[in-house]
Amino acid sequence: MIPTRGLFKRPLSQIDARTIQLDVIDQKTIDSAGKQIESEFGKLDILVNNAGILSDGDAYGGKLRLPPSQVDIETLRYTYETNVFGVFAVTKTLLPLLKKSNAGRIVNLSSGLGSLTQNSDPNFEFADFKLLAYNSSKTAVNAITVLLAAELKNTPIKVNAADPGFTATDINQYQGYRTVEQGAIPTGGYAYAVVRLATLPNDGSSGGFFDENGVVPW
């Protein structure tokens with residue numbers, strides 16, 4: 001594996017990146033991606049499950065932030081289809097390729113909004129964001145992380161969940177105060193951002209929930 005800092009100092013022309021078409025709610029494209037990875041590389045070293053949607057109204061614009069009891073069942077289904085079932089479908093399909101790696105790593109993009117502890121804290125920075133579909137879907141992602149890590153504890157594979165922080169993306173209308181790079185790349189010696197979790201050493205943690213400051217409470 002390339003050291004994290006070295007990777008992001010290299011010119012793009014020196015990075016051999018390939019694109020693969022994959023829709024997390026379309027099993028045919030997931031299967032096709034798996035076959036392409038197996039054909040070209042024979043294994044998969046790192047899987048970052050980053051696909052996600054927020055469908056609880058205009059949550060960040062504040063125009064429509066529905067209380068949990070008023071969220072319709074279709075919004076829940078729609079959100080879970082991508083945020084939960086999509087994560088599981090991709091992971092399940094690509095797991096055989098990860099098992100062929102000497103150091104397979106799975107990083108599931110979660111959120112501080114998926115923390116039950118933080119959602120129960122009235123002083124939590126985002127205490128007002130009680131988004132039933134989105135928050136609970138990220139809690140489910142955390143559960144998948146814990147259970148899969150337990151299953152794979154006797155293998156080289158590490159499975160962790162990452163909270164990238166309030167990052168400016170389309171999902172929040174770019175209102176986040178962190179850049180995508182800040183959400184992904186470790187900013188300090190004790191950071192556990194996405195790239196750090198994807199490049200953990202063999203004695204690294206598994207089954208945890210981390211942000212750049214360390215452990216996030218479940």
Side-chain angles (χ1 to χ4, degrees), residues 1 4 22 24-25 27 30 33-34 44-54 76 79-121 124 126 129 131-167 169 171 178 183-186 190-218:
M1 293 184 291
T4 301
L22 189 156
V24 300
I25 62 173
Q27 187 62 47
I30 298 173
L44 180 62
D45 294 315
I46 299 169
L47 170 62
V48 178
N49 285 308
N50 188 42
I53 61 171
L54 191 157
L76 278 173
T79 302
Y80 272 58
E81 190 68 34
T82 295
N83 294 7
V84 181
F85 306 147
V87 168
F88 181 70
V90 172
T91 303
K92 182 179 176 67
T93 300
L94 300 183
L95 188 57
L97 293 174
L98 285 156
K99 289 182 176 180
K100 293 182 179 181
S101 171
N102 292 326
R105 301 290 181 263
I106 300 174
V107 182
N108 295 324
L109 265 292
S110 184
S111 167
L113 294 176
S115 166
L116 295 176
T117 299
Q118 294 185 154
N119 271 296
S120 302
D121 182 359
F124 175 43
F126 300 104
F129 288 78
L131 311 174
L132 178 64
Y134 182 79
N135 293 17
S136 66
S137 74
K138 291 304 183 179
T139 304
V141 167
N142 289 347
I144 290 173
T145 300
V146 170
L147 297 175
L148 191 59
E151 176 186 345
L152 299 170
K153 65 181 180 180
N154 294 321
T155 76
I157 299 175
K158 308 292 183 187
V159 189
N160 289 288
D163 171 16
F166 192 27
T167 304
T169 65
I171 205 170
R178 296 171 61 81
I185 305 170
Y190 296 97
Y192 282 90
V194 179
V195 174
R196 172 70 180 272
L197 291 172
T199 56
L200 284 174
N202 291 336
D203 60 351
S205 300
S206 188
F209 184 17
F210 304 94
D211 63 12
E212 66 171 355
N213 298 311
V215 177
V216 178
W218 296 116

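FYI, side chains are in, hydrogens and waters are out, and symmetry mates aren't considered; it's all heavy atoms of this structure.
Taking NZ of Lys100 as the reference point, atom CG of Leu44 lies at 11.0 Å (rounded to 0.5 Å). If you take OG1 on Thr117 and CZ on Phe209, they are separated by 9.5 Å, rounding to the nearest 0.5 Å. To the nearest 0.5 Å, the span separating OG1 on Thr145 from CG on Asn108 amounts to 4.0 Å. Rounding to the nearest 0.5 angstrom, the gap separating the CG atom in Asp121 from the CG atom in Leu116 is 12.5 Å. Interatomic distance, Ile30 CD1 to Ile25 CD1, rounded to the nearest 0.5 Å: 9.5 Å. With rounding to the nearest 0.5 angstrom, the CG atom of Asn135 is 8.0 Å from the CG atom of Leu54.
With contacts defined as side-chain heavy-atom distances shorter than 4.5 Å, the pair Arg105/Leu197 does not qualify. The shortest side-chain heavy-atom distance between Ser136 and Leu76 falls under the 4.5 Å cut-off. The side-chain heavy atoms of Phe210 and Val215, taken from C-beta on, include a pair separated by under 4.5 Å. Within the 4.5 Å cutoff, side-chain heavy atoms of Leu95 are placed close to those of Leu152.
The two atoms that bring Gly104 and Ser101 nearest to each other are N-OG, 3.4 Å, heavy atoms only. Closest non-hydrogen pair, Val24 versus Ala51, comes out as CG1-CB, 3.8 Å. Closest heavy-atom contact between Leu22 and Ala33: CD1-CB, 3.5 Å. Nearest heavy-atom pair, Thr93 versus Ala89, reported as atom, atom and distance to 0.1 Å: OG1-O, 2.9 Å. Annotation for Thr79 and Ile53: closest pair CA-CD1, 3.9 Å, computed over non-hydrogen atoms.
For residues 146-162, no residue pair satisfies the side-chain hydrogen bond (donor to acceptor under 3.5 Å, both in side chains) rule, not counting sequence neighbours.
One N or O on the side chain of Thr139 and one on the backbone of Gly114 form a donor-acceptor pair closer than 3.5 Å. Checking side-chain atoms of Asn119 against main-chain N and O of Leu113 turns up a donor-acceptor pair under 3.5 Å.
In terms of the ring-ring contact (aromatic ring centres under 6.0 Å, His included) criterion, Phe85 has no residue partners (sequence neighbours excluded). With sequence neighbours left out, Ser111 forms a side-chain hydrogen bond (donor to acceptor under 3.5 Å, both in side chains) with no residue at all.
More than 12 heavy atoms of other residues, nucleotides or ligands sit less than 6.0 Å from atom CZ of Phe124.
None of Asn49, Asn142, Asn83 except one satisfies the side chain to side chain donor-acceptor pair (under 3.5 Å) rule with Ser110; the exception is Asn142. With Val107 as reference, Val48 is the one residue of Asn50, Val48, Val159 to meet the side-chain contact (heavy atoms from CB on, under 4.5 Å) rule.
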